[in-house]
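Worksheet for the structure shown next.
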There are 2 protein chains.
Amino acid sequence: MPALSVFDGRNAAMNSDGLLIVFTGNGKGKTTAALGMAMRAAGHAMSVLVLQFIKGAWSYGELAAAELLRGIEIKPLGTGFTWKKENLDEDRRLAAAGWELAAAEISGGDHAIVVLDELNVVLSYGLLPIEPVVQALRNRRPGLHVVVTGRNAPPELTEIADLVTEMREVKHPFRTRGLKAQKGIEF
Amino acid sequence: MPALSVFDGRNAAMNSDGLLIVFTGNGKGKTTAALGMAMRAAGHAMSVLVLQFIKGAWSYGELAAAELLRGIEIKPLGTGFTWKKENLDEDRRLAAAGWELAAAEISGGDHAIVVLDELNVVLSYGLLPIEPVVQALRNRRPGLHVVVTGRNAPPELTEIADLVTEMREVKHPFRTRGLKAQKGIEF
């Protein structure tokens, strides 16, 4: 089962290329997998920037752990979307401001990995136009890995991605046992 | 999109119950999500034990990162399955020895979270009988969260789980671009 073996020895010339990775789907584990990837990279002394497109998506456990690991920087972007029709213009303005920062890190910047947490959601709600995002991701600086999370990844994004995993909800504790959020598990 | 909100205020009496979580499917992100969960828990100063049922599944990046975080202990179990028909008895013996250790941590022990990494694979290859595993997981000590990873989770396991996410492979870099394993991403 060593997942790595399928890669070994293939096309070494492309090894320095950065990957575009998308974690989507309605199940738990998307942001958690991005967090695990950040931790793995920190173990290699690679630097990771996490841009949170939705406020509050990462909470105390993640933030405290990231602080313990040198090399993981977490930046909250939106100061809180309202997700209300009457505030659509304000939400779009917030998304655009967040994207501007992300775009700068994708074309320039010096992190090895940039995580665009919940960007899929912002795109799927139409708060950002998809074309400039696709363009910027396509033209990311050489070697940069980008990880995009959130449900409802737009097809234009999965189309240009190298690795796409759909986290599909099979069972959820709220539905199966009526459980409250669990420290260390949910937050 | 705050995923937590669906839980809030529900059945607080069950809040101290431990969850049985299964990450399965053929896509990337199962062990990575378990790693993220371990990191999140470490941020809460909760202690995590990771039992690796398959040697080499976690590599340098993860191990180094876990060492940086107090509270995450990683224990490799099998000294290497052969996965060969002629060595079936030896592989079964290794699996049984590993499971014995896991069972002790699930009934006793003092970790807040136990990750049984790749146990699904060991079960799906028939290297361990499913019944004692189901029995032990059902009777885990109160409050213990158990995370089981690996493709092909047996139905008997998902049946008793609280949270099941299938990581479904949509796109894989080996197939899309012929890429080699990437440091910080794959290992």
Side-chain angles (χ1 to χ4, degrees), chain A residues 1-2 4 6-7 10-12 14-15 17 19 23 27-29 32-33 35-37 39-44 46 54 56-57 60-62 64-65 68-69 112-113 118 121 145 158 161-174 176-187, chain B residues 1-2 4 6-7 10-12 14-15 17 19 23 27-29 32-33 35-37 39-44 46 54 56-57 60-62 64-65 68-69 112-113 118 121 145 158 161-174 176-187:
Chain A
M1 144 103 305
L4 289 180
V6 296
F7 289 97
R10 312 264 167 183
N11 207 346
M14 295 183 75
N15 196 23
D17 269 16
L19 297 180
F23 291 137
K28 299 288 300 174
T32 315
L35 186 69
M37 216 167 249
M39 176 173 161
R40 182 186 285 134
H44 282 292
M46 294 163 75
I54 297 184
Y60 178 75
E62 281 111 349
L68 298 174
L69 289 174
I113 300 179
E118 304 287 9
V121 176
H145 302 295
T158 56
D162 298 297
L163 188 158
V164 180
T165 300
E166 180 199 347
M167 275 71 168
R168 199 173 66 79
E169 178 183 302
V170 179
K171 249 188 187 180
H172 191 287
F174 167 56
T176 48
R177 287 170 62 195
L179 286 184
K180 255 191 97 172
Q182 301 281 317
K183 186 170 84 169
I185 299 292
E186 295 281 340
F187 59 98
Chain B
M1 141 105 301
L4 289 180
V6 295
F7 289 97
R10 312 263 169 184
N11 207 345
M14 295 183 76
N15 196 22
D17 269 17
L19 297 180
F23 291 137
K28 299 288 301 174
T32 315
L35 186 68
M37 215 167 250
M39 175 172 160
R40 182 186 285 137
H44 283 290
M46 293 163 75
I54 297 183
Y60 177 75
E62 282 111 349
L68 297 174
L69 288 175
I113 300 179
E118 304 288 8
V121 176
H145 302 294
T158 57
D162 299 297
L163 187 159
V164 180
T165 301
E166 180 199 348
M167 273 69 169
R168 199 173 66 81
E169 178 182 301
V170 179
K171 247 188 191 181
H172 191 286
F174 167 55
T176 48
R177 288 171 61 195
L179 285 184
K180 256 191 94 173
Q182 300 282 318
K183 186 170 85 171
I185 300 292
E186 297 280 339
F187 60 95

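Per chain, numbering begins at 1; letters A, B, ... match sequence-line order.
- Distance check: B:Met37 CE to A:Glu62 CD gives 9.5 Å after rounding to the nearest 0.5 Å.
- Among A:Ala41, A:Ala33, A:Ala112, the residue making the largest number of heavy-atom pairs under 4.5 Å with chain B is A:Ala33.
- Under 3.5 Å, the side chains of B:Arg168 and A:Thr165 contain no donor-acceptor pair of N or O atoms.
- One distance of note links NZ of B:Lys28 with CZ of A:Phe23; it measures 8.5 Å at 0.5 Å rounding.
- The structure places CG of A:Leu35 at 8.0 Å from CG of B:Leu35, a figure rounded to the nearest 0.5 Å.
- In terms of heavy-atom pairs under 4.5 angstrom with chain B, the leader among A:Leu69, A:Thr158, A:Leu68 is A:Leu69.
- Counting all heavy atoms, side chain and backbone alike, A:Ala64 lies closest to B:Gly43 at CB-O, 3.4 Å.
- Of the atoms belonging to B:Met167, heavy atoms from both backbone and side chain fall under 4.5 Å from chain A.
- Note: B:Glu166 CD to A:Lys171 NZ = 14.5 Å, rounded to the nearest 0.5 Å.
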